[in-house]
There are 2 protein chains.
Amino acid sequence: MNTKRPHRPLTLRDVSEASGVSEMTVSRVLRNRGDVSAATREKVLTAARTLGYVPNKIAGGLASQRVNLVAVVIPSLSNMVFPDVLGGISAELDDTGLQPVVGVTNYSPPREDTVLYDMLSWRPSGVILAGLEHSKAARAMLDHAGLPVVEIMDIDGEPIDCAVGISHRRAGAEMAEEILNAGYRRIGFIGTHMPEDHRARKRLAGFEERLAEAGITLAAREYYQGNSSLLKGRELTERILTREPDLDFLYYSNDMIGSGGLLWCMEQGYDIPGKLGLAGFNGVELLDGLPMRLTTTDARRIDIGRRAARIVAGKEPPPEDGVIALAPTFLSGDTIRHR
Amino acid sequence: MNTKRPHRPLTLRDVSEASGVSEMTVSRVLRNRGDVSAATREKVLTAARTLGYVPNKIAGGLASQRVNLVAVVIPSLSNMVFPDVLGGISAELDDTGLQPVVGVTNYSPPREDTVLYDMLSWRPSGVILAGLEHSKAARAMLDHAGLPVVEIMDIDGEPIDCAVGISHRRAGAEMAEEILNAGYRRIGFIGTHMPEDHRARKRLAGFEERLAEAGITLAAREYYQGNSSLLKGRELTERILTREPDLDFLYYSNDMIGSGGLLWCMEQGYDIPGKLGLAGFNGVELLDGLPMRLTTTDARRIDIGRRAARIVAGKEPPPEDGVIALAPTFLSGDTIRHR
DNA sequence: CTGAAAGCGCTAACAT
DNA sequence: ATGTTAGCGCTTTCAG
């Protein structure tokens, strides 16, 4: 493969020689820097184009000590939630000359360390990373890197530099509040068994706290391993309702399993939201097309991406106290009683 | 922000001074290259760790003329299909020291050119990009780059270097075959209106060709703009069936709108697959959790990602004729009659 | 096994 | 408006 295309990568010097203009001026033209006469500009551009020159950012970055990359470190891509965050980030970065580069940790702290290390070794202009919980090593790296760090999604904790997100405790508490107000009392929880999913943990903590204030404890809980899928939602819903048939509400740790549960319950003929209420978390687009609208909380994913990107890009000053708190938004849907 | 953390990024020289070992030897230790005595090795490693040194790959890449990056250029992330491809790629790249870097084109050729240009300017070790249709400029860039190029997803066309994918014409034709064999005759098609989605176009072409061989033409078609979602699937299904109530099969250009259509039809009480059959394309995980299993074609996304990565990584020689053709796999599901 | 010298391709800073 | 010089931080190459 590729043996018939033995082209040596072109350099500035090649363009310089082809156009009869000094390397420095060629460089200026290619970066739109400094004043260059229209005539030489044309010569250079033509030469570059006909040769098919592509600048070498490795060399450029080393010389200028600046790299137009923003490292984005997230736990997962299959989650349906991170593409939205990324969307917000790219949209906001689009006119800044900065480029997002994505690293995925799979919710593994050692993997996060590796990914961070690798990304920092490219000397990016900034870092956006999910969550507030990081290894000592990771914090050390970020401290030494001397670049803007924005932690996203979560604000319940101490940011390294600054954080943009929602309070998951609050999201959980507010959902509990709504459920209690609607009159449900025998409440079950279905969530992933991931010690490293701190946001899910905090949501549940906030949820249970609010229940406790009303003198209520979770009547049942069910955990699963691996990816969230409709199928998992079905299976766990069946399991929890078989075990505890008199539950009147199920709180799911995300919309995907919540949707699976909703579909299963509808097939079984449960009276929703009359006898059984359901709620998820995230506010994903999928919910728009289901037979009933699952009650959920909008996690403000796109806004989070945008604000984080704005800060890294310097479009917006970092917050005084280091925290931008967005409000999780309750979406009542059809699967909770309206009073 | 960040004013309290003014650390200058550390260099090899810092580690060298801290450990009393020459820069060259430090470099050897940090890269596990050449023989270094266990003693000096320890000294260096300790120094590097306590300082919190992170190597500068910009400088390293410039000096060594090698960069352990693989550029991956895909049309979309929200498509639910590309995360799978990426999964295959990362899995296979994991033990090679190569890192995928993703660029997204949004199905826009000019945008593809820009993304490619930007990625090539980092001088990656290889390029994996979706599709066989590229601008003249893009082809020129790739020719001059002098690195392995693997075009993925599609094999109906002329690869620049080599291609890994399925024949979408064949996938469409095979689905047509199954539908005809099952006895359906009044067939409608619902797809996205995207001139740049060449694979969807080829699938439909293969589909219609096979129908034509049986003397049948599409009885109706409906196109939509924008993202595929359950909701769009519902709306378009309602529209096409209102317009042409006597259709007995709907072929969707992907599983997401197919699923939306399926849910809508079930709610309306259509006799599926008796009076109305449905099929999508891709074979996404979502289908596992729906009330009925949508008939579809497995597009072999993960395999495609793996094979492409293997070639770029040099784990597998590029195919003689430049093409690795995987077989699209028919998944019969519940929404087509079994004979 | 370790070190010294040269230079990767580009740009900052200073000429002119 | 354009050119010259030096060097970014690392690795290659060659000597010990």
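A note on names: the letters A, B, ... follow the listed sequences, proteins ahead of strands, and every chain is numbered from 1. Side chains included, hydrogens not; waters and symmetry mates left out as well; all remaining heavy atoms used.
The interatomic distance linking A/Lys43 (NZ) with D/dA1 (P) rounds to 15 Å, in whole Å. The distance from atom CZ of B/Arg31 to atom C1' of D/dG9 is 12 Å, rounded to the nearest whole Å. Rounded to whole Å, atom P of D/dC10 lies 16 Å from atom CZ of B/Arg33. As rounded to whole Å, 13 Å separates atom C1' of C/dA12 from atom CG of A/Leu62. In this structure, B/Ile58 places its CD1 atom 14 Å from C1' of C/dT11, rounding to the nearest Å. A straight line from CZ of A/Arg123 to C1' of D/dC10 spans 11 Å, rounded to a whole angstrom. Taking atom CG on B/Leu12 and atom P on D/dT11, their separation rounds to 6 Å, with Å as the unit. Taking atom CZ of A/Arg13 as the reference point, atom C1' of C/dC8 lies 13 Å away to the nearest angstrom.
Taking only side-chain nitrogens and oxygens, A/Tyr53 never comes nearer than 4.0 Å to OP1 or OP2 of C/dG9. At C/dC1, none of the side-chain N or O atoms of B/Ser37 fall inside 4.0 Å of OP1 or OP2 (strictly under the cut-off). Note on B/Ser27: every side-chain N or O is 4.0 Å or more away from OP1 and OP2 of D/dC10.
For B/Thr40 and B/Ser37, the side-chain atoms include at least one donor-acceptor pair closer than 3.5 Å. One side chain, A/Ser22 or A/Thr25, offers a donor N or O that lies under 3.5 Å from an acceptor on the other.
The pair B/Asp161-B/Arg139 does not count as a salt bridge, with every side-chain nitrogen at least 4.0 angstrom from each carboxylate oxygen. Salt bridge B/Lys57/A/Asp118: present, at least one basic N to carboxylate O contact under 4.0 Å. With salt bridges taken as basic N to acidic carboxylate O contacts below 4.0 Å, one links A/Asp14 and A/Arg8.
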Short N/O separations, protein against nucleotides 3-6 of chain C, under 3.5 angstrom:
{"from": "C/dG3", "atom 1": "OP2", "to": "B/Ser22", "atom 2": "N", "distance (Å)": "3.3"}
{"from": "C/dG3", "atom 1": "OP2", "to": "B/Ser22", "atom 2": "OG", "distance (Å)": "2.9"}
{"from": "C/dG3", "atom 1": "OP2", "to": "B/Thr25", "atom 2": "OG1", "distance (Å)": "2.9"}
{"from": "C/dG3", "atom 1": "N7", "to": "B/Arg28", "atom 2": "NH1", "distance (Å)": "3.2"}
{"from": "C/dG3", "atom 1": "O6", "to": "B/Arg28", "atom 2": "NH2", "distance (Å)": "2.3"}

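The listed nucleotides are D/dC8, C/dT11, D/dT12; the one nearest the side chain of B/Arg66 is D/dT12. Comparing D/dG9, D/dT2, D/dT12 by their nearest atom to the side chain of A/Gln65 picks out D/dG9. For B/Ala59, the listed nucleotide lying nearest its side chain is D/dC10; candidates were D/dC10, C/dC10, D/dA1.
Around CZ of B/Arg13, the count of heavy atoms belonging to other residues, nucleotides or ligands within 6.0 Å does not exceed 12.
Across all strands shown, B/Asn56 has heavy atoms under 4.0 Å from sugar-phosphate atoms exclusively, and none from any base.
Using a 4.5 Å cut-off on side-chain heavy atoms (C-beta onward), A/Leu129 and A/His134 make contact.
When each of A/Thr11 and B/Val36 is assigned the nucleotide of DNA chain C bearing its nearest heavy atom, the one mapping closer to the 5' terminus is B/Val36.
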